[in-house]
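See structure below.
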2 protein chains.
Amino acid sequence: MEKVTIATVADRAGVSRQTVSNVINSPDMVREETRERVRAAIEELGYRVNQAARQMRTGRSRLIAVRIEPVSDGIKGSVLDRFLHGLTDAAALKGYRVMLYTAADDADEIATYDNLLSAYELDAFVLTSTHHGDPRTSWLAERQVPFVTFGRPWGAPDTHAWVDVDNAAGTRAATEHLLANGHRRIGFLGWPAGSGVGDARRAGWRETLDAAGADGPDAAVIDGVEAGATAAAELLTEPEPPTALVCASDSLALGAMRMLRTVVGFDDTAVARAVGLTSVSQPLPEAAARCMDLLVELLDGRAPETPARLLLTPSLVLRQTA
Amino acid sequence: MEKVTIATVADRAGVSRQTVSNVINSPDMVREETRERVRAAIEELGYRVNQAARQMRTGRSRLIAVRIEPVSDGIKGSVLDRFLHGLTDAAALKGYRVMLYTAADDADEIATYDNLLSAYELDAFVLTSTHHGDPRTSWLAERQVPFVTFGRPWGAPDTHAWVDVDNAAGTRAATEHLLANGHRRIGFLGWPAGSGVGDARRAGWRETLDAAGADGPDAAVIDGVEAGATAAAELLTEPEPPTALVCASDSLALGAMRMLRTVVGFDDTAVARAVGLTSVSQPLPEAAARCMDLLVELLDGRAPETPARLLLTPSLVLRQTA
DNA sequence: CGGCAGGATTGGATCGTTCAAATCGCACTG
DNA sequence: CAGTGCGATTTGAACGATCCAATCCTGCCG
C-alpha cells in the first residue's frame with residue numbers, strides 16, 4: 001500500500017495541497033463543490049492526517065497526559081482506573097489521545113512534565129489526587145501549560161479549572177437514605193481530619209443528622225478493613241449504639257459489615273459490588289468527560305477568564321446492606 | 001525560554017547538526033573528545049529531542065498502544081490495570097511511552113488500529129485478553145505491525161511473540177499447599193470448559209490431585225460471588241465433601257468463603273487482600289517488563305526468527321483462608 | 001467593457017530531525 | 001612526496017503538514 005499524503009489527495013481531487021488542508025481544518029473557507037470533491041478523494045484513498053507533520057508545524061500534538069498510579073492500597077485504586085477509562089473515551093471523541101506516565105512523588109512528577117513537554121510537546125495534563133500544598137499545579141501554571149485537575153485545589157486559591165465530586169452530597173444522600181429507613185442513630189467511620197476529601201465526607205453526614213435532629217458517634221481511623229472492623233466494634237459499645245454506619249470508604253465499610261448489618265460505603269468499588277455493599281458512587285465517566293470539555297476550551301483559547309469549576313453529584317447505589 | 005533545537009546545540013558545541021544527532025543516536029561513531037563536548041552542550045542547554053521531528057524522518061514514534069478495558073465485571077478488572085502500570089514503567093525505562101485506546105469489541109479494536117497507525121504511526125501494540133479465534137493478531141500480522149500479546153494465542157498457531165502466566169502452575173501450587181496442610185479431598189470451583197485460562201487452571205488442580213492419589217469434586221459455573229456461594233454449597237452436600245476449595249477466581253472464592261473456611265482464590269485482587277483470602281498472584285510487573293523486552297527486540301529488528309514465548313510462574317500469597 | 005472587490009486557490013517557505021553522500025584530515029605506504 | 005584508505009565530520013535534501021503572501025476567478029458596478 002502506497003503512502004497517502006496530502007499531496008496524493010490533492011492530485012486525485014485536482015486541487016492544491018493547501019485546499020485539502022483547508023477542507024480539513026477550516027471547511028467553510030472552501031467552496032462546497034470543491035469541498036465535496038476533496039472529501040471524496042480523502043475517503044477513496046483512506047487518507048489520514050499525519051500527526052507528526054502537523055505537530056511539527058503547529059506545535060500541537062493532540063496528546064494529553066495522565067498519571068497512572070500504582071495500585072497502592074488496592075481497594076480504592078479502581079476509582080482512578082475508571083476515571084482513566086472515561087477520559088480515554090472522552091478524549092477520543094474530541095480527537096485527542098491519552099498518554100500515560102508514572103511518577104513516584106510530586107517532585108518526580110514535575111520532572112516528568114518537563115520531559116514530556118519538551119520531547120512530545122504534550123498539549124495538556126489532567127491531574128488527579130490533588131492535595132494540600134500541591135506543588136504540581138503552580139509549576140504548570142507558571143509555564144502556562146494547559147491543565148485541568150480532577151479534584152479541587154485544596155487550600156490553594158483556585159486559579160485553574162477543575163472538576164470534582166461533591167463528597168458531602170454523597171454522605172448526605174447516604175445518611176438521608178438511612179434516616180428515611182427509620183434509623184435515628186447513625187454513626188460515621190472516617191479518616192483522621194486533614195484530608196479534604198475525608199473531611200467533606202464527614203461533614204455531609206454531620207449536617208444531615210443535625211438538620212434532622214438526629215445524632216450518632218464518629219470515629220476517625222487510618223483506612224483499612226481491619227481498622228474498620230475494630231472501630232465499628234468500638235462504636236457499638238457506646239451507651240446508645242448506632243443502628244447504621246456511614247463510612248468514608250468501602251474498605252472501612254467492609255470491616256464494619258462484620259459487626260453490623262446496616263452499612264454504607266463510599267466509591268462503589270469492585271469489593272462493594274462483590275459483597276453486596278450499598279455504596280456512594282462517583283460519576284467518573286461524567287467527571288472525565290467534563291475534564292475533557294474544559295481542556296478543549298482551554299486549548300481552543302475560548303476559556304472564560306474565571307476558570308471553570310464543576311462539582312458533580314454522586315449517587316447512592318443500593319444493595320443488601322442498606 | 002528559547003526553543004532549543006539540535007542546531008542550537010551544534011552551534012554551542014561548535015560542530016554540525018549531524019554530529020549532534022550522531023552523539024545521540026550512534027555515539028561510537030563520534031570521537032570521544034567531540035562526544036563529551038556535545039554532551040556538555042546538551043546538558044547545559046537542557047536540549048531534548050523533538051519526537052515529532054524525529055518521527056517525521058524515521059517513521060517511528062516511540063509510542064506503544066494498549067487497550068484499556070472497561071471495568072466490566074469489576075472484580076477482575078484490576079489485573080489489567082496492574083499490568084498497565086507495569087507496562088508504563090517498563091516502557092519509560094526503554095524510552096517509549098504508552099498510549100491508551102478503548103474499543104467495544106474486536107472489530108472496533110481493529111478499526112482503531114487502522115486509525116492509530118496512520119495518524120500517530122504507532123510503533124507497536126500490546127494486546128491483552130487474547131482468546132480463541134482472536135481476529136486481532138492476524139490483522140496485525142498481515143500488516144506487519146509489531147506486537148506482543150499478554151496471553152498466549154489460544155488455539156491459533158503461535159506465530160507471534162507472547163508472554164503469559166502459567167495458570168496451571170498457579171492452581172498446582174495452591175493444591176500442593178493444601179495437600180501439605182493435610183487436606184485429602186480438595187474441590188475445584190471453576191468456569192465452564194472452553195476458556196483457555198479457565199481450563200488451564202482446572203488442569204493444574206486435577207494433575208496435582210492425581211499425582212498425589214487424592215481426589216475432589218469439580219464445579220463449573222459462570223464467574224460471580226453468588227455463583228461461587230451456591231456452587232460451593234452444592235459441593236459440600238456430596239457424600240464425601242471436600243475440606244478445601246481451589247477457585248478459578250477471587251469472586252468465586254469470595255462466595256465459597258461463606259460456606260467453607262479453607263479456600264484459595266486466583267489473581268490476588270484487591271478483594272482478596274481486603275478479606276484475607278489466600279490467592280494465586282500473577283507476576284504482572286514482570287510480565288509487563290518482559291512484554292517490553294520482546295517488543296524492543298522486535299522493533300530493533302533483532303528478534304529471533306522463531307517468535308519468543310515466555311511463560312511466567314505465579315506465586316501463592318498466603319493469608320487467613322489457607 | 002474595463003476595473004475592482006472579495007473569496008477561492010496556488011506556490012514557496014518552514015518546522016526539527018535524520019539519511020545519504022560528499023568532504024575533510026590524518027596516518028600509512030610505496 | 002604523491003597516493004591510498006579510513007574514520008570523523010559536514011553538507012544538502014527530505015519527511016508531510018501548515019502558514020503566508022501572491023495570484024486567480026467570478027460577479028458586479030460604473
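Values reported hereafter were calculated over all heavy atoms of this structure, with side chains retained and with hydrogens, waters and symmetry mates removed. Chain letters run A, B, ... following the sequence lines, proteins first, then strands; residues in each count from 1.
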- prompt: With a 4.0 Å cut-off, would you call B:Arg37 and B:Glu33 a salt bridge?
  reply: yes

- request: Look at the side chain of B:Gln18 and the base of C:dC19, then say whether one donor and one acceptor between them are separated by less than 3.5 Å.
  value: yes

message: Can you say whether a donor on the side chain of B:Arg57 sits under 3.5 Å from an acceptor on the base of C:dT18, or the other way round?
response: yes

message: I need the CZ-C1' distance between A:Arg54 and D:dC15, as an integer number of Å.
response: 16 Å

- prompt: Would you say D:dT18 has OP1 or OP2 under 4.0 Å from some side-chain N or O of A:Ser21?
  reply: yes

query: Looking at A:Arg309 and A:Asp164, does any basic side-chain N land under 4.0 Å from a carboxylate oxygen?
result: no

statement: The answer to which of B:Glu33 and B:Ala53 contacts DNA chain D further toward the 5' end, by nearest nucleotide, is B:Glu33

- prompt: Please give, in whole Å, the distance from D:dT11 P to B:Asp11 CG?
  reply: 11 Å

Rounded distance in Å - CD1 (A:Ile24) to C1' (D:dG16): 11 Å

Selected nucleotide, minimal atom distance to A:Met29 side chain, candidates C:dG16, C:dT17, C:dT9: C:dT9

message: Below the 4.0 Å mark, does D:dC19 have OP1 or OP2 next to a side-chain nitrogen or oxygen of A:Thr58?
response: no

Rounded distance in Å - CD (A:Gln55) to C1' (D:dG16): 13 Å

Under-4.0 Å side-chain N/O to phosphate OP1/OP2 contact, A:Ser16 with C:dT9: no

- request: Return no unless some side-chain N or O of B:Thr19 is found under 4.0 Å from OP1 or OP2 of D:dT10.
  value: yes

query: Between atom CD1 in B:Ile6 and atom C1' in D:dT11, what is the gap in whole Å?
result: 14 Å

message: Quick test of your reading of the model: are A:Arg290 and A:Glu286 salt-bridged, counting only N-O distances below 4.0 Å?
response: yes

- prompt: Parallel, tilted or perpendicular for B:Tyr101 and B:Phe125, by the 30°/60° rule?
  reply: perpendicular

query: Can you check whether A:Arg31 has a side-chain N or O nearer than 4.0 Å to OP1 or OP2 of C:dG7?
result: no

- prompt: Within less than 4.0 Å of OP1 or OP2 of D:dA17, is there a side-chain N or O belonging to A:Tyr47?
  reply: yes

- request: Rounded to the nearest angstrom, tell me the gap between atom CG in A:Asn25 and atom P in D:dA17.
  value: 11 Å

query: Can you check the B:Arg17 CZ to D:dT11 C1' distance for me, whole Å?
result: 7 Å

- prompt: Salt bridge or not for B:Arg48 and A:Asp114, using N-O below 4.0 Å?
  reply: yes

message: Assuming nearest nucleotide by heavy-atom distance, tell me which of A:Val49 and B:Arg35 is located more 5' along DNA chain D.
response: B:Arg35

task: With the side chain of B:Asn50 defined as its heavy atoms from C-beta on, choose the nearest nucleotide among D:dC19, C:dT18, C:dG16.
output: C:dG16

Side-chain N or O of B:Asn22 closer than 4.0 Å to phosphate OP1/OP2 of D:dA8: no

